[in-house]
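Comments concern the structure below.
Note on naming: letters A, B, ... go to the chains in the order of the sequence lines (proteins, then strands), and numbering restarts at 1 for each one.
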Amino acid sequence: MAVDIGGLTLKNPVMPASGTFGYGEEYAPFLDINRIGAVVTKGLSLKPKAGNPTPRIAETISGMLNAIGLQNVGVEDFIKFKLPFLRELTTPVIVNFFGNTLEEYGEVAARLSEIPEVAAVELNISCPNVKKGGIVFGTDPKAAHEAVSVVRRNLSKPLMVKLTPNVTDITVIARAVEEAGADSISCINTITGMAVDIKTRRPRLANRTGGLSGPAIRPVALRMVHQVVQAVKIPVIGVGGIVRPMDAIEFLIVGARAVQVGTANFVDPASMITIIEGIEQFLIEEGLKDIHQLIGSLEL
Amino acid sequence: MAVDIGGLTLKNPVMPASGTFGYGEEYAPFLDINRIGAVVTKGLSLKPKAGNPTPRIAETISGMLNAIGLQNVGVEDFIKFKLPFLRELTTPVIVNFFGNTLEEYGEVAARLSEIPEVAAVELNISCPNVKKGGIVFGTDPKAAHEAVSVVRRNLSKPLMVKLTPNVTDITVIARAVEEAGADSISCINTITGMAVDIKTRRPRLANRTGGLSGPAIRPVALRMVHQVVQAVKIPVIGVGGIVRPMDAIEFLIVGARAVQVGTANFVDPASMITIIEGIEQFLIEEGLKDIHQLIGSLEL
Amino acid sequence: MKNYKTIILSNQEISPGYYRMRLLTPGFSESARPGQFLMMRVQQSLPPLLRRPFGIFRTGFLPADCDGMPPKEYTEILYKVVGRGTNIMADLHRGDKVEVLGPLGRGFDVGDPGEEKILVGGGIGLVPLYMLAESLSARSKVRLLMGGRNRDDILAVTEFERLGVETYVSTDDGSLGEEGLVTQVLERKLDKFPSSSVYACGPMPMLDAVYRICHRRQVPLQVSLEALMACGVGACLGCVVKGAGHAEDNPRYLCTCKQGPVFRAEQLDWSRLGEEPGYCEGCKS
Amino acid sequence: MKNYKTIILSNQEISPGYYRMRLLTPGFSESARPGQFLMMRVQQSLPPLLRRPFGIFRTGFLPADCDGMPPKEYTEILYKVVGRGTNIMADLHRGDKVEVLGPLGRGFDVGDPGEEKILVGGGIGLVPLYMLAESLSARSKVRLLMGGRNRDDILAVTEFERLGVETYVSTDDGSLGEEGLVTQVLERKLDKFPSSSVYACGPMPMLDAVYRICHRRQVPLQVSLEALMACGVGACLGCVVKGAGHAEDNPRYLCTCKQGPVFRAEQLDWSRLGEEPGYCEGCKS
Ligand SMILES: Cc1cc2nc3c(=O)[nH]c(=O)nc-3n(C[C@H](O)[C@H](O)[C@H](O)COP(=O)(O)OP(=O)(O)OC[C@H]3O[C@@H](n4cnc5c(N)ncnc54)[C@H](O)[C@@H]3O)c2cc1C
Ligand SMILES: Cc1cc2nc3c(=O)[nH]c(=O)nc-3n(C[C@H](O)[C@H](O)[C@H](O)COP(=O)(O)OP(=O)(O)OC[C@H]3O[C@@H](n4cnc5c(N)ncnc54)[C@H](O)[C@@H]3O)c2cc1C
Ligand SMILES: Cc1cc2nc3c(=O)[nH]c(=O)nc-3n(C[C@H](O)[C@H](O)[C@H](O)COP(=O)(O)O)c2cc1C
Ligand SMILES: Cc1cc2nc3c(=O)[nH]c(=O)nc-3n(C[C@H](O)[C@H](O)[C@H](O)COP(=O)(O)O)c2cc1C
Ligand code: FES
Ligand code: FES
């Protein structure tokens, strides 16, 4: 089940999606974290970030909207308060981060490079909930290239870049990011959506719009992963609506080297374990000796 | 309940979404078509079009993928075989159409202008399932402007233009289309998606990808309608995942002048009637005398 | 043709994995023709989003109540549990609400009276043949060749016999009737009764073999097809099948729901029908 | 703290629109503290996608079976039917499978023994107060002020009385107990017993009024809040509430699920809490 995701080898291809697994410790009582391929943390920024006003979440049909607004403790408090727990894990830690400016991206990257316990970083150029910066970097190939380049220059670790689905052609961004030095690409982040309470006639989220995640978006995520796999040479990590083992298998078949599980953690904190076991089971049933016989095995 | 959707007044704001209601007659046994605000036909092209190979549809979680490929009888057979039924209706007929080239767009528009029974047209610059033409027009503001301009010059009827959600910024396309002379905008068309059969490892659709519709996409559709309403002055018609009256009401609240019901027709052929009655009921419950008190009444 | 918001009268497992459901459907049987189908909404809440198509097995009347109420008209379907929708259906009980849209599609053309008729059913493909047998058996000699993988797949044969139909059962493993394929039985019967016409429904590979047999012998054949369906009424164009003369540059698609599900063999393009993905997977599995 | 894949022991309507559900939860009660909650997955299939949070009403043991099995530990919740999830729950039966994650959150701080304690419950907000009363009543005088719109909203009061708690019921329409708001009763009790500490749970406008009363009188107050929750464990940051000193340019958010649901009044920013959208709509409707 071991896979290489661009300079980092994971014992299995299943990890949490950033922002849905806290800093790992929140879920420690519910599953053996060392069994999952990697831990991916909530998105970090240079300074602590308070996030958006409430309500921040709304359930939709087979999905949920969130506008957390990237609330996080900031790099320094992360090191002080969250790293001690992560340090004890045997599974690698991938730190997701973002910046409001190019300089910030570089600074966070540099700071994270110094931490030996950080196995790799995931650069979020795609969160729809940050008004400043964020959205621009992820939707424009030039800006994406620039952001990734800055990070690349300041980083001495494997670099995964997370793409937004809110674009006309995701392959253009994917290629820009690859060219700028990304070691792997994760996609997709949430799709921007909205819901209204018809009684109060107010948006259900204080931020008006938020990111749609969960099973509802899976067909869109799968399509984009399929496109990106064909557009770039670096490994692609599939994210979006994965709940069951068969969902993860779909992504592996279209060519994802690994998958991230997001909203499903809320539904069942042990989903990732179920998914790992389900993939193993599937390999046996289908008579496949190696997960690489499954990855990219789409018949066209 | 009467609304004006840019040069055409409907007795109520509920109509089918193109491609989900055939040419009207298919659903005649199941509901009183004259009770709905308008009929919208399957997309027509100049020549008959055969569409894509099968399988063309796949169910997903709270949605469905389709890659029909715009199979249609062509304008002339439409006039000969489908119009006689539509002619007998008292509710207005909106003809959805598309072209593979700019010239074709113009030609179909000119031909439809000659038909008195056609109350308005809906121009599809957004279908993701046509390889040639289609996708380009809807995702590039210049191409969209050009296509709409050509149609405008050849058309003597109200012109509704249907937008694709597969773009980075839908407001840019919306403004281009408005400037080119559209009388109203309908959005959204389907979001491109994909599904894979993990046993055969083949895409579930022969066309590999298809358009995602149904409740799963509603939050995305609502967000885009909200954006477009704010970007343009012409009326906006909301489409995407409307199943229940409360879904339609959400769209009206964010400012849609009318709504289209698509996939829900397959689930319950009388959905549009239920939705019309549900909106009426809601107006009474909320003490609103006129539907315009509901339209655009979003509290921010 | 209408959407019946109705209730279940009974729903029983008749063989492992196969169920028989009886629905209250006043007014349905007047219009239902052999070979037609209905679209069933398996529950009020979503998912599943789409309705599921099922052949009409038979219609009938419950005896009038003692309290003088008119006799109740019902419709029966037989179904195999293969996925999400049919699993939900298997859990439904008498009195549960369902919605059925129907009767839909074009049924069988019963042909000339007196002609010998051979019906070929593969597994759950038997369903549309019962009403056909009912209407044929009064006027013609009818034989039913019923095939399945094993005894569990052989359904309702005694009911056909009660209509006076001669039945021949075959199973792949010989667990019921003759061991072998139903198409082998068909060849033998056609050797004996070469002027029969054939009506078939079952898995695509079976239909493909039946077609080749009938084509070679120039025996008239009607088949009932399955397809993935969204609307069931000809509106979505999701359920098409390749018609005769279909080519890449001259595609000819027919709607299974509206122009079918029963087709005369000549209407179809058989060149690749047997390998069409997505067809009749329910039967295959 | 764990995910219990368990079954329902009973599920009964105890007042119109209110249900009491008993779940088999071996090992749960050792760790459950007054004021904690659980996240319930209402059915195996989706939707609803997310779990629903419910306060722990009480835990207990079924008497040991005759066949020598150890006594069975159970947990009870009380819930009001307000939407999709609770409607599904109302249809569940003994033996049905559910999953509950818990016990979660920080419960009440029981304070010093001997102090007078006043518990204020509004409708379903009564839930977390029962275990609190259990642990307080041994060491302190406990009074429960229970308010509701009408008699249907007044739940389980006799069970509090059995613990030796003095109970005072008030309803907006006077259909049970005193006519009026529970906060009026609170003012009177505080006039009489000014050194009490107060514990409250109920609709946000009620909590807001309770806060103002206690703040004015400098009486210590703990409140149990509701919030929309996705994870319940502090991972998603969806459930935050504004902490004391919160300002646009100096936002201070506290996780209701992890740092709450019980807060000391001083921890919170009360300036706009009463009008916070999305909070406690379940109670309001
Ligand atoms: C005209 C017609 C008549 C039919 N009559 C009967 C009948 O009398 N009894 C019966 O048991 N079945 C019948 N079927 C097949 C039946 O519709 C499917 O088995 C059913 O829809 C599967 O639903 P599901 O949710 O359980 O399976 P899903 O979870 O949707 O899918 C499970 C498997 O079934 C296949 N499948 C899904 N939908 C169809 C479909 N429409 N046609 C064929 N395969 C499908 C899928 O490809 C998949 O392999 C008929 C189909 C058609 C088109
Ligand atoms: C810590 C905590 C403890 C709770 N304890 C109880 C309890 O003991 N008994 C009880 O009946 N209810 C309790 N609730 C409220 C309960 O969680 C909601 O009523 C329930 O989730 C509604 O689910 P639904 O699917 O029926 O409603 P939905 O269809 O999801 O929504 C219906 C209405 O309920 C509101 N609502 C939805 N979720 C919540 C939520 N998490 N908190 C508050 N309002 C919500 C919505 O805004 C809407 O107005 C508690 C909530 C929290 C946060
Ligand atoms: C509550 C929540 C918070 C999230 N926070 C982040 C984040 O901080 N950084 C990030 O890159 N993605 C974030 N995401 C996006 C997820 O990592 C993931 O890309 C998305 O949810 C789609 O996957 P899913 O459908 O499996 O949830 C968040 C998603 C949710 C639901
Ligand atoms: C089977 C099918 C066929 C469609 N054909 C067309 C079409 O011909 N022209 C068009 O503009 N949109 C077409 N659409 C898109 C719908 O009109 C609508 O925009 C989309 O389905 C979203 O709405 P819904 O979620 O209510 O279905 C089609 C959709 C479906 C499901
Ligand atoms: S199922 Fe829609 S056209 Fe046949
Ligand atoms: S509900 Fe997820 S952090 Fe509180």
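Ring planes of Y211(C) and H215(C): parallel class, angle under 30° (limits at 30 and 60°).
Of the listed residues (P47(C), G232(C), G234(C)), the greatest number of heavy-atom pairs within a distance under 4.5 Å of chain B belongs to G234(C). Taking chain B as the reference chain and counting heavy-atom pairs below 4.5 Å, the highest number among C231(C), P48(C), A235(C) is found for A235(C).
Because its NZ or CZ atom is not both nearer than 6.0 Å to the ring centre of Y74(C) and within 45° of the ring axis, K72(C) does not count as a cation-pi partner of that residue.
Heavy-atom distances place the side chain of T263(B), and not its backbone, under 4.5 Å from chain C. Contacts between P215(B) and chain C at a heavy-atom distance below 4.5 Å involve the side chain alone, from C-beta outward. Both the backbone and the side chain of D268(B) come within contact range of chain C, judged by heavy atoms closer than 4.5 Å. Contacts of M229(C) with chain B are made by backbone atoms alone, with heavy-atom separations under 4.5 Å and no side-chain atom involved.
Under the 4.0 Å criterion applied to side-chain N and carboxylate O atoms, D77(B) and K82(B) are not assigned as salt-bridge partners. R201(B) has no carboxylate O lying under 4.0 Å from a charged side-chain N of D197(B), or vice versa, which leaves the two without a salt bridge.
Applying the salt bridge (Lys or Arg N to Asp or Glu O under 4.0 Å) criterion to D153(C), with sequence neighbours excluded, gives no partner residue. Contacts of R264(C) classified as salt bridge (Lys or Arg N to Asp or Glu O under 4.0 Å), with partners at least two apart in sequence or in another chain: E266(C). R35(B) meets the salt bridge (Lys or Arg N to Asp or Glu O under 4.0 Å) test with E277(B); sequence neighbours excluded.
Two rings, from Y4(C) and F28(C), have their centers less than 6.0 Å apart.
Within residues 13-26 of chain B, the residues having any heavy atom closer than 4.5 Å to a heavy atom of chain C are G19(B), T20(B), F21(B), G22(B), E26(B), listed by residue number.
If you run side chain to side chain donor-acceptor pair (under 3.5 Å) between Q44(C) and each of K5(C), E99(C), K97(C), only E99(C) comes through.
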